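Just so you know, these numbers come straight off a predicted model, no measurement behind them. Numbers for residues simply follow the sequence, beginning at 1.
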Amino acid sequence: VWVHGQSYARFDVGEDLSAGYPPPKAGALNIGLLHTALDGHSGPHARYAPSNTQALSNHGYQYWALGHVHAHEALDVNGTRIVYPGNLQGRHARETGAKGAVFVDYEGANVRPPVHEAFDDVRWHHVEVDAATLDEGDDPVEALATRVLEATTGTRNAGKLAAVRVSLGGVAPRRLLAIPVEDLRDDL
């Protein structure tokens with residue numbers, strides 16, 4: 001197994017560093033480590049050391065372990081595994097869902113599909129509720145609490161402690177507008 005990687009001196013590198021990685025070692029499993037904003041897969045993250053799946057696939061390594069994006073994503077591009085493992089624990093309300101590590105098994109130079117396993121202790125959720133779906137006679141706290149429970153029970157939360165951000169928007173029934181936001185938040 002050959003592991004190829006590098007760091008960079010400035011946080012705002014603007015060029016594709018993968019272009020400077022050495023060619024793969026023949027007859028070996030070649031793994032590239034790269035902290036990058038992969039085109040089309042980095043979401044709102046800053047464009048540090050941008051690269052793209054085609055360039056990584058064409059480089060000849062069998063596996064690319066990527067950093068920078070805290071959401072798990074595994075791609076198979078022409079037989080090359082390109083994986084953001086994510087992070088072990090969501091750090092704030094924007095890092096929702098299961099967080100953990102990726103286990104990779106291989107035989108020779110053949111890399112099997114990676115398996116993501118959750119290790120997080122607290123799971124972040126974002127529950128968005130359209131106020132227009134709340135009927136005039138509904139208890140808004142009960143309706144919101146029901147939606148929070150739906151999002152945080154069962155396999156979606158896997159028995160983890162849940163931290164929930166609730167967003168209430170849209171056209172609200174008149175009665176709901178009369179409830180002070182602080183009271184609604186505290187009751188929920």
Give me the ring orientation class for His4 and Tyr61: parallel if the planes are under 30° apart, tilted from 30 to 60°, perpendicular past 60°.
parallel

Any donor-acceptor pair under 3.5 Å linking the side chain of [X] with the backbone of [Y]?
X: Tyr63; Y: Val83; result: no
X: Trp64; Y: Leu56; result: yes
X: Glu117; Y: Ala101; result: no
X: Arg81; Y: Val111; result: yes
X: Thr153; Y: Leu149; result: yes
X: Asp76; Y: Ala74; result: no
X: Trp2; Y: Lys25; result: no
X: His116; Y: His72; result: no
X: His92; Y: Arg94; result: yes
X: Asp120; Y: Arg123; result: no

I'd like to check [X] versus [Y] (side-chain heavy atoms, cut-off strictly below 4.5 Å). Are they in contact?
X: Tyr8; Y: His35; value: yes
X: Ile31; Y: Val104; value: no
X: Asn30; Y: Gln62; value: yes
X: Asp130; Y: Glu128; value: no
X: Gln89; Y: Glu95; value: no
X: Val141; Y: Leu184; value: yes
X: Leu17; Y: Leu34; value: yes

Around Arg112, counting heavy atoms of other residues, nucleotides and ligands shown, do more than 12 lie under 6.0 Å from its CZ?
yes

Inspect the surroundings of CD in Gln6 and state if more than 12 heavy atoms from other residues, nucleotides or ligands are less than 6.0 Å away.
yes

Taking all non-hydrogen atoms of both residues into account, name the closest pair between [X] and [Y] and its distance.
X: Ser167; Y: His126; answer: OG-NE2, 2.6 Å
X: Ala49; Y: Thr36; answer: O-OG1, 2.6 Å
X: Ala98; Y: Ala118; answer: CB-CB, 4.1 Å

If hydrophobic clusters are built from ILVMFWY residues whose side chains come within less than 4.5 Å, do [X] and [Y] share one?
X: Leu29; Y: Ile82; value: no
X: Leu75; Y: Leu33; value: no
X: Val102; Y: Leu38; value: no
X: Trp124; Y: Val129; value: no
X: Val164; Y: Val122; value: no

Going from [atom1] on [X] to [atom2] on [Y], what distance comes out if it is rounded to the nearest 0.5 angstrom?
X: Asp187; Y: Leu144; atom1: CG; atom2: CG; result: 10.5 Å
X: His59; Y: Tyr21; atom1: NE2; atom2: OH; result: 8.5 Å
X: Asn58; Y: Thr80; atom1: CG; atom2: OG1; result: 8.0 Å

Please determine which of Thr152, Val148, Val166, Thr96 meets the side-chain contact (heavy atoms from CB on, under 4.5 Å) test together with His125.
Thr152

Flag for Ser18-Ser51: side-chain donor and acceptor within less than 3.5 Å
no

Do NZ/NE/NH1/NH2 and the carboxylate oxygens of Lys160 and Asp121 come within less than 4.0 Å?
no

